[in-house]
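So the structure is just underneath, and the comments pick up after that.
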Amino acid sequence: MSELSYAEAIRDGFREAMRQDQSVLLIGLGIPDPKGFFGTTSGLREEFGGDRVMDMPCSENGMTGVVLGASLNGIRPVLNHQRLDFALLAMDQMCTQAANWSYMFGGQVHAPVVFRMILGRGWGQGPQHSQALHSWFAHVPGLKVVLPSCPQDAKGLMISAIEDPNPIVYIDHRWLHHVRGPVPSGHYRTEIGPLRVALLGKDVTIVAISYMVLEALEAAERLAAQGIEAEVLDLRCLRPLDREGLLRSVRKTGRLVAVDQAWACAGMSAEILACVVEDPQTCLKNPPRRVTLPDCPTPTSPALAAEFYPRADHIVEAVLEMFGRSREPGELALQPGIEYDKPNPAFTGPF
Amino acid sequence: MLRIRLVEEAIADAYPRQEMRCPVHLSIGQEAVAAGTAAALARADLAMSGHRSHAHYLAKGGDLRAMIAELMGRQDGCCRGRGGSMHLIDRSVGFMGAVPIVGSTIPIAVGLAFAEKLRGQTRVTAAFLGEAATEEGVFHESANFASLHRLPVLFVCENNLYSVYSPMAVRQPAHREVFEVASAHGIPACQVDGNDPEAVFNQVVAARRHVRSGQGPFFLELKTYRWREHCGPGFDNHIGYRKEAEFLDWKKRDPLENYSRKLISAGLLTEEGVHELSEKISAEIAEAMAFGRKSPFPRGLADFVYSIQP
């Protein structure tokens, strides 16, 4: 076990999988760049060579088909996109092709391919470098969708994704790359499916995805100070969705807040609520709540971004309202001196 | 060619019986492309195709009974009833899959070839595509990558002049030939009479030699004509998107009729020989139809969504 950043943990995941299996191929625009794809591929080209750590043309859709084809013929490729938005050019190859190939050919073909993409937030990335559209992939049978929020899972889920016989969408969050945490050394898998209980509690279940797990944990800390014990669930896999794990927690707490840095309409937060309210054995003490993005595109200006992104304050407010405690005046007001569009005070951009 | 023609006609005849409840795109009139190409490929070579793939599948050696059963939505179909006419596969003969989204198998076929190269294998991959697929961005992305890495891919572009009802004139500039687009990607390319099976065969032999020698991909444009409607068993010249006279013109260039005549006049085939062959194929088709009808309908709605084997 050693202390690593989330970005280093992803790199270690690549390294372990590549050492284990000669057929694993890392490919993406800028994969061998001098900055090591935000530090997630540093040193890999040196260890594994240019044939296994490859740059590629700026052809997202075509290259997605190419790696799918390679996966049908003995290669285990990981296709990397610097932003989720770029991967959208390849929706046909991911959702109509890769997701369907096993089913429509009656289980005769396997497509062990990973589509990795990075979710952005803040620092002016705006409408086309930070769209959080993970629910699109979660909608599609045949894909699996993972979004790790801690370094340990970043590595373990990457290894599992590469070694899985199915097409996997692996989404890491740009604001998590610098976050440090304990990571087991060597080869290990984190099972694709089960959610992670990030914090035990008995009064309210806060389900969060990706970076928002960190905001949920901060909210839980502040709620604890007010005598409310929140259980924080890290929904690290959107498909398959751990419905049982979710219900187990909500049956205990009777309260549910779904937190997603994404739009509410037809999003994962809606699926989480539906999963709970459809279950005949789960009774909620309060109507469930969602903490999500406002229903407008992503703004660029730091002033607008500060208003746009939900944070721990919003989660605290949602929970307090459930408990009938009125909001303190100015609770959600932006604090002077805090820069809301960057992941930490040391960050000076750009992404 | 005769076998493809007779199979397609049998499908057209059986179609109104409502046993084949899926869209079918017949290759009648275009048989020389599939037959000439596949004859020049090795059995181990790989191929992928699009929505109009019956001919390619059969020519590559795909199992007829499994194809008919698939069209009938049966358990013994080549996709266990999950695919239908637009999703044929027979991996045992290197026919690695067909899908109906125009252009979508082009990069996947290039990916097969990419894996061949990475793994030091020598099989050639034939990517069958229609001329409209060259209007898709993904064709250019695939051609660029195949050219960049000199991948062992043979692009077999079947130009039948129409994308559903839209003629070439509304889709591509008149002063540019389809194959010239491939040349712009640094891929050697040429145009061949797609209704002349010998010309197709000879050109594919040469193209395959080029591809196998490690010099990278080759692009063939094969000009031909679809006789029947875009989708379904009938004729549709009367609905107004093309002229009957154009169809009759192309019918005079019937690859099957003309090539049979050529072989007969060269003394390599006889009328009786053609008749005997037809009888034999018709019996095979009848047997395949009976096989399809006898095969049970599939069960297990959600089977195969995910692969479980590593």
Side-chain angles (χ1 to χ4, degrees), chain A residues 21-23 25 27 51-52 54-77 79 89-93 95-113 140-144 163-168 192 239-240, chain B residues 46 48 70 75 77-84 86-91 96-101 103-119 121 123 125 127 136-146 148-149 151 298 300 302-310:
Chain A
D21 184 346
Q22 287 288 318
S23 71
L25 167 76
I27 189 166
D51 284 348
R52 295 186 64 198
M54 281 181 79
D55 217 321
M56 69 173 210
C58 190
S59 306
E60 289 81 0
N61 191 31
M63 290 310 299
T64 304
V66 167
V67 297
L68 168 60
S71 81
L72 303 172
N73 196 14
I75 302 293
R76 287 182 176 268
L79 177 60
L89 286 159
M91 287 308 269
D92 170 62
Q93 288 297 334
C95 297
T96 307
Q97 304 310 330
N100 272 318
W101 273 60
S102 170
Y103 185 81
M104 75 189 177
F105 291 122
Q108 294 170 79
V109 300
H110 314 289
V113 55
V140 181
L143 295 179
K144 295 183 182 180
E163 294 175 357
D164 197 281
N166 295 285
I168 313 282
I192 295 174
R239 176 181 276 276
Chain B
L46 308 175
M48 278 193 171
E70 188 59 39
Q75 178 61 27
C78 61
C79 306
R80 295 175 177 156
R82 271 75 177 177
M86 299 193 292
H87 301 277
L88 300 180
I89 189 166
D90 188 338
R91 286 154 54 87
M96 302 297 280
V99 307
I101 304 297
S104 283
T105 43
I106 301 172
I108 303 173
V110 169
L112 293 176
F114 182 40
E116 286 294 298
K117 187 170 181 193
L118 289 172
R119 296 164 57 223
Q121 303 293 309
R123 294 178 295 184
T125 301
E136 299 282 0
V138 79
F139 163 71
H140 299 277
E141 298 183 8
S142 307
N144 177 65
F145 187 73
L148 173 72
H149 286 281
L151 299 180
D303 290 352
F304 315 124
V305 177
Y306 292 99
S307 302
I308 35 180
Q309 76 186 56

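As the structure is a prediction and not an experimental result, all values here were calculated from the model. Lettering follows sequence order; numbering is per chain, from 1.
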Q. By a 4.5 Å heavy-atom criterion (distance strictly below it), what part of B/A143 contacts chain A: side chain, backbone, both, or neither?
A. neither

(Q) I'd like to verify something: which residue of A/P141, A/A98, A/G69 has the highest number of heavy-atom pairs under 4.5 Å with chain B? (A) A/G69

Q | Most chain B-contacting option - heavy-atom pairs closer than 4.5 Å, from A/D51, A/V109, A/L89, A/V67 | A | A/V109

Q: Name the region of A/Q108, side chain, backbone, both or neither, that has any atom closer than 4.5 Å to a heavy atom of chain B.
A: both

Q) What part of B/L112 lies closer than 4.5 angstrom to a heavy atom of chain A: side chain, backbone, both or neither? A) both

Q) So what's closer than 4.5 Å to chain A heavy atoms on B/V99: side chain, backbone, both or neither? A) side chain

Q: Flag the one option from A/T96, A/D92, A/N100 with the top tally of heavy-atom pairs under 4.5 Å to chain B.
A: A/D92

Q: Supply the atom-to-atom distance B/M48 CE to A/L72 CG, rounded to the nearest 0.5 angstrom.
A: 5.5 Å

Q: For chain B, find which of A/E60, A/R52, A/M63 contributes the most heavy-atom pairs closer than 4.5 angstrom.
A: A/M63

Q.
Do A/P240 and A/I192 have side chains that approach each other closer than 4.5 Å (heavy atoms only, starting at C-beta)?
A. yes

Q | Leading residue by heavy atom contact count with chain B [cutoff under 4.5 Å; candidates A/P112, A/A111, A/S59, A/G107] | A | A/S59

**Q.** Sub-4.5 Å side-chain heavy-atom contact between B/S104 and B/E136
**A.** no

Q: Report yes if some heavy atom in the side chain of A/P57 is under 4.5 Å from a heavy atom in the side chain of B/E141; otherwise report no.
A: no

Q: Measure distances from B/I106 to the heavy atoms of chain A and classify the residue's part below 4.5 Å as side chain, backbone, both or neither.
A: neither

Q: Specify which of B/I89, B/V110, B/V138 makes the most heavy-atom pairs with chain A at under 4.5 Å.
A: B/I89

(Q) List the residues meeting ring-ring contact (aromatic ring centres under 6.0 Å, His included) with A/F105, not counting sequence neighbours, and say none if there are none. (A) A/W101

Q.
Counting only non-hydrogen atoms closer than 4.5 Å, does B/L88 touch chain A with its backbone (N, CA, C, O), its side chain (CB onward), both, or neither?
A. backbone

Q. So which of B/S142, B/G83, B/G97, B/G81 has the largest heavy-atom pair count under 4.5 angstrom toward chain A?
A. B/G97

Q) With a 4.5 Å limit on heavy-atom distance, are the side chains of B/C79 and B/E70 in contact? A) yes

(Q) Looking at chain A, which one of B/A113, B/G137, B/G111 has the largest number of heavy-atom pairs inside 4.5 Å, strictly under? (A) B/G111

Q) When the ring planes of B/F114 and B/H149 are compared, do they come out parallel, tilted or perpendicular, using 30° and 60° as the limits? A) tilted

Q. Do A/M56 and A/L79 have side chains that get closer than 4.5 Å, going by heavy atoms?
A. yes

Q) What pairs meet the side chain to side chain donor-acceptor pair (under 3.5 Å) rule with one or both residues in residues 61-74 of chain A, with sequence neighbours excluded? A) A/N73-B/E116, A/N73-B/R119, A/N73-B/R123

